[in-house]
Engineer: 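Right, I'll just put the structure down here and ask away after.
Just so we're on the same page: letters track the sequence lines, and every chain starts at 1. Worth saying up front: this structure is predicted, and the values here are computed from it rather than measured.
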Amino acid sequence: MRYQKPKGTADILPGESQKWQFIEDTARMLFADYRYQEIRTPMFESYEVFSRTSGDTSDIVTKEMYDFKDKGDRHITLRPEGTAGVVRAFIENKLYGPEHQKPVKVFYMGPMFRYERPQSGRQRQFNQIGVEAFGSDSPSLDAEVIAMALDLLNHFGISDLKVALNTLGDTESRDAYRKALIDYLEPHFDELSDDSKQRLHKNPLRVLDSKDANDQKLVADAPRILDYLTPTSQEHFDKVKTLLDSLGIKYEVDTEIVRGLDYYNHTIFEIMANSKALGSGYTTICAGGRYNGLVEELGGPEVSGIGFGLGLERLLLLMESEGVQFPDLNQLDAYVVGIGDDTDVASLQVVQALRADGFSVDRDYLDRKPKAQFKSADKLGAEYTLTIGDQELADHTIHVKQMQTGKEETIPVDDVKNDFGKVIDKHFN
RNA sequence: GCGGUAUUGGUGAAGUGGUUAACACAUCGGUUUGUGGAUCCGACACGCGUGGGUUCGAUUCCCACAUACCGCCCCA
C-alpha cells in the first residue's frame, strides 16, 4: 500500500456519506426554523485569531494547533474550532452595523483540525456544526440556544440527554472567584495532581475539571462560583433557568463544568448523552456558552455573543449505537436492461429521458448478459426494470417489470420516455 | 507527548521458519447465448502494513517506522 491518508483523517465513502448528508440536511432545516443563516469562513486563519481567543494557556493553543508558516512567512493555523473565525468575520465584515438585525444569528458546518492522538470519535480533522448569535444579552437567547441544541439532537434521534448548566459570571464575578479558588487550593498544593499544580495559577478553574480522583475530593469542598456572582450575573443566570423551566427543559446545575476555552463567561452548558459508544456514563456531545467580550478581544465593538458546537464524528457514533435509522436518499427508480449491442443507443435515450423527467435511473455499462443485468437491478433495489431487446427495438416498445410484484408489461417506448409516472399509474398501481 | 494491543485477498478471517497461504462472504463467469433474490461448477493473494536484520531459507523470529484501536492528557 503506497499511500495512506494522513494520521487522524478519514475518507467518508459512498454509503457513509449519506449519513452525513442526512445530518447536514436536518441541521439546515432546523436552523432555518430558528432563523440562523449559514456563514462560511476560511479553514485557516492567522495564528493570533486563535491564540487571542482561546487563551494562551489553553491546551488547544499550547499543544493541539496545526500551525505553520506559509511561503509569505505568515503564521497560519488550521482552525481548531469554529467560533474564533466567525467572530473575526463578524468584525471584519462589520456585521455589527445597524443595517443588520440583532441578534445576528449564524451557523456553520465543516472540518476543524487539532493535532492530537486519534481515538475513536476523535480525529485530527473532524467536523463540527456550530451556531453563534451576536448582539443580545438577553437570557432568552441563552435559553433558545440551549433549546435549539436539544431540538437538533432530538431530530437526530437522540433522546437520552442531560443538560449540564453552569455560569462563570461576568469578569468581576470570575475574578473574585478565581482568587477565592486559588486561596482555597493553595494550602492543598502538595496534594494536587501534577496536572492540577500546573493549572492552579495558569487557569485555576480547570482544576475543577480534573479527572484525578484525589483532585475531585479536594474540589468537592472548594468554593463555588455561584457564591461569587455579582447581582447582575446572578440575575442573568436565574432568568436563564426560569426560561428553561418554562420550556420544560430539564437541566442540572453543575458548578464543575468549565469548558476548555478561556473566552466563555456567564452561561455555559454541555449536553451529554448516555451511551456506551462514547465510553461509560454520560459523555459530552455538544457544548457551548456565552462569550461576551470576545468580539472586543478581537478588536471589535462591545458586542455579546453566544453559541455552541457539536462534534459530528461523535454524533455519528452515538446515532449508530442508538440504532437511528438513516433515510435512504439514494432510491433507484428504474434500471434499464439492454440486450445486444444494437440496443445501446435506445437504452441511453430512455435513461436520459427518464432522468430529465426527474427519475433516478441506472443502466448497464459493461455489456453484461440479461441475467447479470437483472441481478444488478435487484441488488441496487430498482423499483422497475426496463428491458430493451431486438423485439422491442423493432416494435418501438419497452418491457417494463415491477420488481417487487414481478408484474410485466410491454409498453410503447415513447409513452415511457414522455411520462413514466403516468405509465406507472396506469399499469402498476 | 507517554503506555498497551493490532496490521494476512474487495470483506470477515485460519495458518506455518521450508514444496500449491485454509475456509466463508462478496464479485465475475458457466449451468439457463432475453430476465432478479435459489442450486451446482469454476475463477479470484506475483502474496501475508513498510524498510532493515537474523537464517541455507521468513508471511511466520528480532529491530525501526507507518497506520488503526484502547488508556493517559485533553476534548468534539
Engineer: Fit a plane to each ring of Phe308(A) and Phe31(A), take the angle between them on a 0 to 90° scale, and name the class: parallel (under 30°), tilted (30 to 60°) or perpendicular (over 60°).
Structural biologist: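 Ring orientation, 0 to 90° scale: tilted.
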Engineer: Against Phe359(A), only a single residue in Tyr335(A), Phe420(A), Tyr384(A) fulfils ring pair (Phe, Tyr, Trp, His ring centres under 6.0 Å); can you say which?
Structural biologist: Phe420(A)
Engineer: What distance, rounded to whole Å, do you find between the two P atoms, one in rU7(B) and one in rC62(B)?
Structural biologist: 13 Å
Engineer: What interatomic distance, in whole Å, is found between C1' of rG47(B) and the corresponding atom of rU59(B)?
Structural biologist: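 Going atom to atom, C1' in each nucleotide, I get 8 Å.
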Engineer: Encode nucleotides 30-37 of chain B as B, S and - characters from 5' to 3', where the letter depends on protein heavy atoms closer than 4.0 Å: B to the base, S only to sugar-phosphate, - to neither.
Structural biologist: SB--BBBB
Engineer: How are the rings of Tyr47(A) and His75(A) set relative to one another: parallel (under 30°), tilted (30 to 60°) or perpendicular (over 60°)?
Structural biologist: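 Parallel: the ring planes of Tyr47(A) and His75(A) meet at under 30°.
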Engineer: Using whole Å, what does the distance between atom C1' of nucleotide rC69(B) and atom CD of Glu313(A) come to?
Structural biologist: 16 Å
Engineer: State whether the number of non-hydrogen atoms from other residues, nucleotides or ligands found under 6.0 Å of Lys407(A) atom NZ is greater than 12.
Structural biologist: yes
Engineer: Do Ile411(A) and His399(A) make a side-chain contact, defined as non-hydrogen atoms from C-beta onward lying under 4.5 Å apart?
Structural biologist: no
Engineer: If you take atom types as modelled and just measure distance, does the side chain of Glu116(A) reach the base of rA76(B) with a donor-acceptor pair under 3.5 Å?
Structural biologist: yes
Engineer: Nearest whole Å is fine: how far is rG1(B) C1' from Gln119(A) CD?
Structural biologist: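 Rounded to whole Å, this separation is 13 Å.
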Engineer: Taking CZ in Arg28(A) as the centre, count heavy atoms belonging to other residues, nucleotides or ligands within less than 6.0 Å. Is the count above 12?
Structural biologist: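 Result for CZ/Arg28(A): enclosed.
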Engineer: At under 4.0 Å between heavy atoms, what does Gly8(A) touch on the DNA or RNA strands: base, sugar-phosphate, or nothing?
Structural biologist: sugar-phosphate
Engineer: In whole angstrom, give the distance that lies between atom CG of Leu310(A) and atom P of rC75(B).
Structural biologist: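 That distance rounds to 17 Å.
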Engineer: As a check on the pairing definition, encode RNA chain B in dot-bracket form, counting Watson-Crick and G-U wobble pairs whose two distances are under 3.5 Å, and using | for partners outside this strand.
Structural biologist: (((((((..(((.....[....))).((((.........)))).....(((((..]....))))))))))))....
Engineer: Quick one: which of rG3(B), rA66(B), rG29(B) gets closest to the side chain of Arg117(A)?
Structural biologist: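 Ranking rG3(B), rA66(B), rG29(B) by closest atom to the Arg117(A) side chain puts rG3(B) first.
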Engineer: Suppose you measure atom C1' in rC46(B) against the same atom in rG52(B); what distance do you get, rounded to whole Å?
Structural biologist: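 Those two atoms are separated by 22 Å.
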Engineer: Would you kindly check if the NZ (Lys) or CZ (Arg) of Arg122(A) is within the cone defined by 45 degrees around the ring axis of Phe126(A) and under 6.0 Å from the six-membered ring centre?
Structural biologist: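 No.
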Engineer: Would you kindly give the NZ-to-C1' distance between Lys7(A) and rG1(B), to the nearest whole Å?
Structural biologist: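 Going from Lys7(A) (NZ) to rG1(B) (C1'), I get 11 Å.
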Engineer: Expressed in whole Å, how much space separates the C1' atoms belonging to rG37(B) and rA22(B)?
Structural biologist: 30 Å
Engineer: If you count every heavy atom of other residues, nucleotides or ligands that lies below 6.0 Å from Tyr184(A) atom OH, does the total exceed 12?
Structural biologist: yes
Engineer: When rounded to the nearest Å, what value does the distance between P atoms of rC73(B) and rA13(B) take?
Structural biologist: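 Result for the P pair: 31 Å, nearest Å.
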Engineer: What is the distance from CD of Gln373(A) to C1' of rC28(B), rounded to the nearest Å?
Structural biologist: 14 Å
Engineer: Should we count CZ of Phe22(A) as having more than 12 external heavy atoms under 6.0 Å?
Structural biologist: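 Yes, enclosed.
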Engineer: Would you measure the distance from the P atom in rG51(B) across to the matching atom in rU5(B) and give it in whole Å?
Structural biologist: 24 Å
Engineer: Would you state whether a donor and an acceptor, one from the side chain of Arg122(A) and one from the base of rC70(B), lie under 3.5 Å apart?
Structural biologist: no
Engineer: With a cut-off of under 6.0 Å to the ring centre and 45° to the axis, is Lys241(A) in cation-pi contact with Tyr251(A)?
Structural biologist: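 So Lys241(A) doesn't make the cation-pi contact.
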Engineer: Using the P atom as the reference point in each nucleotide, state the distance between rG1(B) and rG10(B) in Å, no decimals.
Structural biologist: 31 Å
Engineer: Let me confirm one number: the CD1-CZ distance from Ile146(A) to Phe269(A), rounded to the nearest 0.5 Å.
Structural biologist: 5.0 Å
Engineer: How far does the P atom of rC44(B) sit from the matching atom of rU54(B), given to the nearest Å?
Structural biologist: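 Taking atom P in both rC44(B) and rU54(B), they lie 36 Å apart.
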Engineer: Side-chain N or O of Gln4(A) versus OP1/OP2 of rG49(B): is the shortest distance under 4.0 Å?
Structural biologist: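 So the side-chain polar atoms of Gln4(A) never come under 4.0 Å of the phosphate oxygens OP1 or OP2 of rG49(B).
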Engineer: What is the distance, to the nearest angstrom, from the CG atom on Asp367(A) to the P atom on rG29(B)?
Structural biologist: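 Checked: the CG to P distance equals 11 Å.
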Engineer: Could you give the CZ-to-P distance, from Arg114(A) to rG1(B), as a whole number of Å?
Structural biologist: 18 Å
Engineer: Take the protein atom CD1 of Ile268(A) and the nucleotide atom P of rC75(B), then report the distance between them rounded to whole Å.
Structural biologist: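 For the pair Ile268(A) CD1 and rC75(B) P, the rounded distance is 12 Å.
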